[in-house]
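Here is the structure we will look at.
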Amino acid sequence: MRDPPARFDPDPSLSRAAMEALQCEIADAAVFDDDLPFDPARVGETGPDAPLVAGVDQAFLTDREPERAVSAIVLWRGGEVVERTHAVLDVDLPYIPGLLSFREAGSILAAFRTLDRDPDVALFDGSGRIHFRQAGLATHVGAALDLPSVGVAKSLLCGTPRESVDELPAGARVPVEVRDGDDLDAPVGTVVGYAYQSRQFPDSRRINPLYVSPGHRVSAGTAVALVARCGGDYKLPEPTRLADAYADEVKRELRE
DNA sequence: GCGACAG
DNA sequence: ATCTTGTCGC
């Protein structure tokens with residue numbers, strides 16, 4: 001995949017204030033509406049013309065200093081893995097809520113550079129627009145590459161579900177909106193994403209929903225619809241789950 | 001000061 | 001995210 005313009009470079013040496021300022025620029029440039037060069041309704045279909053979905057995930061090696069990040073990308077189309085790649089980079093920035101992309105985007109962008117094919121859309125492990133400054137990991141990387149992107153988080157960073165997300169049936173989606181008092185830089189009432197119950201146990205045990213939000217060039221509604229089409233039998237959508245497993249695989253090999 | 005916080 | 005085996009339950 002082509003090199004990203006350096007405009008939104010996730011430089012981990014920036015001051016916290018500079019990182020936050022850059023995030024505001026990113027949110028300003030990001031598009032939270034559908035601007036897709038493909039039909040999202042065709043995600044999940046088989047064949048050479050069906051959309052190519054990239055699943056992206058990280059694993060970390062903490063056995064040395066500095067810590068190393070393994071970013072894995074799996075290109076998925078209609079249940080088939082078309083391509084896999086990964087990159088390993090040193091990271092010195094710790095995890096800071098709200099600044100995740102400055103810790104992880106470097107290795108992610110490095111991995112994207114080694115990709116042979118251009119994906120149509122990418123799914124990230126983390127938030128997109130559901131972020132204090134509307135610039136989560138999915139938005140940062142999506143905007144940097146000008147690639148349609150979606151955030152798929154396992155827990156909610158900010159924003160408020162419109163109704164309880166306890167005991168949702170499989171397939172249910174609840175809007176996550178901005179309420180008065182929320183630390184989220186968007187007008188009150190804005191739907192910044194959805195809680196999406198991808199799977200549910202038949203018995204009473206509970207599975208937390210996923211929190212899906214627009215990264216770049218995708219609306220909130222299309223983002224969930226798209227994730228729902230990446231099905232599979234687990235909580236996480238297939239591209240993400242496969243990238244997660246691949247990152248762990250690379251990590252195992254790397255510490256032998 | 002308190003609370004709350006993706007991975 | 002990571003440290004980590006077996007184990008309780010359907």
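Basis for what follows: all heavy atoms, side chains included, without hydrogens, waters or symmetry-related copies. The chains referred to below are lettered A, B, ... by the order of the sequence lines, with proteins before strands, and numbering in each begins at 1.
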Are the side chains of [Y] and [X] in contact, using a 4.5 Å heavy-atom criterion?
| X | Y | answer |
| --- | --- | --- |
| A:L99 | A:Q23 | yes |
| A:V192 | A:S213 | no |
| A:V121 | A:R217 | no |
| A:D57 | A:Y246 | no |

A:F124 and A:F112 aromatic ring geometry - parallel, tilted or perpendicular at 30°/60° bounds: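 Tilted, since the angle between the ring planes falls between 30° and 60°.
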Between [atom2] on [N] and [atom1] on [X], what's the gap in Å once rounded to a whole number?
| X | N | atom1 | atom2 | result |
| --- | --- | --- | --- | --- |
| A:R255 | C:dT2 | CZ | C1' | 9 Å |
| A:F60 | C:dT4 | CZ | C1' | 19 Å |
| A:E104 | C:dA1 | CD | C1' | 8 Å |
| A:L157 | C:dA1 | CG | C1' | 15 Å |

So [X], base contact, sugar-phosphate only, or nothing? Heavy-atom distance under 4.0 Å.
| X | answer |
| --- | --- |
| A:A59 | sugar-phosphate |
| A:Y211 | nothing |
| A:S127 | base |
| A:Y95 | base |
| A:L210 | nothing |

Residue-phosphate contact under 4.0 Å: A:K251 side-chain N/O, C:dA1 OP1/OP2: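 So the side chain of A:K251 is outside the cut-off, no N or O lying under 4.0 Å from OP1 or OP2 of C:dA1.
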Matching residue for A:E67 among A:L61, A:D92, A:T62 - test: side chain to side chain contact (heavy atoms under 4.5 Å, CB included):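 Per the side chain to side chain contact (heavy atoms under 4.5 Å, CB included) rule, the option paired with A:E67 is A:T62, out of A:L61, A:D92, A:T62.
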Strand DNA chain C in bracket notation, Watson-Crick/G-U under 3.5 Å with | for pairs to another chain: ..........
Distance-only donor-acceptor check, side chains A:Q58 and A:S71, under 3.5 Å: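 Side-chain D/A pair, A:Q58 to A:S71: present.
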Check: A:D183 side chain, A:F132 main-chain N or O, donor-acceptor pair, under 3.5 Å: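 Not at all, since once roles are kept as given, no pair shorter than 3.5 Å links the two residues.
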Heavy-atom contact window of chain A on DNA chain B, given 5' to 3' at under 4.0 Å: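 Endpoints of the contacted stretch of DNA chain B: B:dC5 to B:dG7.
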Minimum-distance pair of heavy atoms, taken over all atoms of A:H216 and A:D146: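 Scanning both residues, the minimum pair turns out to be NE2-OD1, 2.9 Å.
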